[in-house]
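Before any comments, here is the structure.
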Protein chains: 2
Amino acid sequence: MDISPLTLNRLGVYRRALRELERAEVPRVSSQELADRFHLSAAQIRKDLAHFGELGIRGVGYEVPKLTRRLSEILGLDRKHRMVVVGMGNLGSALASYLGFNTGSFYVVGAVDNDPTKVGRKIGDFTVHSTEELAQVVQETGAEVGVLTVPAEAAQENYDLLVQAGVKGVLNFAPVRIEAVPEVPLKQVDLRSQLEELAFFLTQK
Amino acid sequence: MDISPLTLNRLGVYRRALRELERAEVPRVSSQELADRFHLSAAQIRKDLAHFGELGIRGVGYEVPKLTRRLSEILGLDRKHRMVVVGMGNLGSALASYLGFNTGSFYVVGAVDNDPTKVGRKIGDFTVHSTEELAQVVQETGAEVGVLTVPAEAAQENYDLLVQAGVKGVLNFAPVRIEAVPEVPLKQVDLRSQLEELAFFLTQK
DNA sequence: AGATGTGAATGAGTTCACAGCT
DNA sequence: AGCTGTGAACTCATTCACATCT
């Protein structure tokens, strides 16, 4: 299935909006209502959804619970995803607990660090292992996603290790561009570039 | 100055690339060389830079240190930016230390939380204050940027408080869309949507 | 009657290709 | 001679508007 990153991102937005309506027990919604309530575009909602077949009912709209489930399926959020955190510095540790509390589809099942003083430490309900044991940790826990919270200069090398260890996707917090292989997609959480863009506006006025 | 978010984002990329060249003491670079070395587009580099006047020398290229400085100026990264962190939970505390270590243009000068058990705690070289004192903290520290690391449901209300307190921009880590006023631009660091997009690819194969 | 799904029109962003400068 | 700066061509994305279906 070929689907633009922009559309993909919006599907997540729609899903969140729909979940909110679902909690409010709204049974049906038209693209127009959805657009009005969440500052979206009705035409775009319809076009985005049309990629996945006829999801709505003409003359009526979309059934909220049904569409929510379908979007979760499409996005792969209808099942749990196990993550392993690489790099247990400040950010890594925080993230490990933060993501641990998360009730969403993602949860942390393991962590590694190459600093021997950190190995063996217990965070939540898993123990920090040595980076050498990464492949083993991935295998034993069945982790699909690697979370990179190592310093910038170690990011590429640890991405490569995660690929070798067999994860299927990587979320990178290190502020560097990583050379990714197509089989293991990489997503960037870019604190730094967001701050830089803010800085631009700070100086504007 | 009107400049698209996409261009703005790329300016940051160019700046990073140029800083790398600067460290390597490369005196001049052509858009083509820059593009080849950092997987960019030469035409796009030229077009992006052309927004800000004639920054290069025809027949020669761009002077690395000069262009780096100019980009820093444009992005507002030639001066320090003080930040105040709102919400000292797991993520907030981690971020406060993490950003504290950061040698970039941004540094944390204060923090608030509405949990009385957290108030008074010392993190790095500042103390956690009560959210009621936010305006005072912003004023005393001269913070320009608010960092929101509160739970989703409290994000909007704390954004509003930051606006009242007088910050000029907000970086939000809470996984919700905030209604922002144009005078106080908002940037999102969206862990969740990045994970969701990863999830899509995990299911693809 | 009313909202979806969709080709057609418009708009935004990127790439091409070359005139113009050093 | 060579690389920038830039209009023109093109590609990708969004919006419009309406035929189609319930």
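So you know, we letter chains A, B, ... as the sequences are listed, proteins then strands, and number each from 1.
Distance from the side chain of A:Q44 is smallest for D:dT15 among the nucleotides D:dT15, D:dG5, C:dC16.
No contact: B:Q32 has no heavy atom under 4.0 Å from any strand. At the heavy-atom level, B:L49 lies nowhere under 4.0 Å from the strands shown.
Within the 4.0 Å cut-off from OP1 or OP2 of C:dT22, not a single side-chain nitrogen or oxygen of B:Y62 is found. Phosphate contact (OP1/OP2 of D:dT4, side-chain N/O of B:S31, threshold under 4.0 Å): present. OP1 or OP2 of C:dT14 has at least one side-chain nitrogen or oxygen of B:R10 nearer than 4.0 Å. Considering only side-chain N and O atoms, A:S41 lies nowhere under 4.0 angstrom from the phosphate OP1 or OP2 of D:dT14.
In this structure, CG of B:L11 is placed 14 Å from P of C:dG13, rounded to the nearest angstrom. When rounded to the nearest whole Å, the span between CZ of B:R46 and P of D:dG2 equals 15 Å. Here D:dG7 presents its C1' atom at 14 Å from NE2 of B:H51, a figure rounded to the nearest Å. Atom CG in B:L55 sits roughly 7 Å away from atom P in D:dG5 (whole-Å rounding). Put simply, OH on B:Y14 is 13 Å from P on D:dT4, counting in whole angstrom units. Going from atom CG of B:L34 over to atom P of D:dG5 covers 13 Å, rounded to whole Å. Look at CG on B:L6: it is 11 Å from P on D:dT14, rounded to the nearest Å. Rounded to whole Å, atom C1' of D:dC3 lies 13 Å from atom CD1 of B:I45.
A salt bridge between B:R19 and B:E22 is absent, with no side-chain N of the basic residue lying under 4.0 Å from a carboxylate O of the acidic one. A salt bridge does not link A:R37 to A:E20: none of the charged nitrogens lies less than 4.0 Å from a carboxylate oxygen.
If A:D48 and A:G59 are placed on DNA chain D by their nearest nucleotide, the residue sitting closer to the 5' end is A:D48. With the nearest nucleotide of DNA chain D identified for both A:E54 and B:I57, B:I57 has the one nearer the 5' end. Nearest-nucleotide positions on DNA chain C for A:A50 and A:G61 put A:G61 closer to the 5' end.
Counting heavy atoms from C-beta on, the side chains of A:L148 and A:I178 come closer than 4.5 Å.
In terms of modelled atom types and a separation under 3.5 Å, the side chain of B:K80 and the main chain of B:G104 share a donor-acceptor contact. In this structure, the side chain of B:S72 does not engage the main chain of B:L77 through any donor-acceptor pair within 3.5 Å.
One can find a donor-acceptor pair under 3.5 Å joining the base of D:dT20 and the side-chain atoms of A:R58. Between the side chain of A:K47 and the base of D:dT15, a donor-acceptor pair under 3.5 Å is found.
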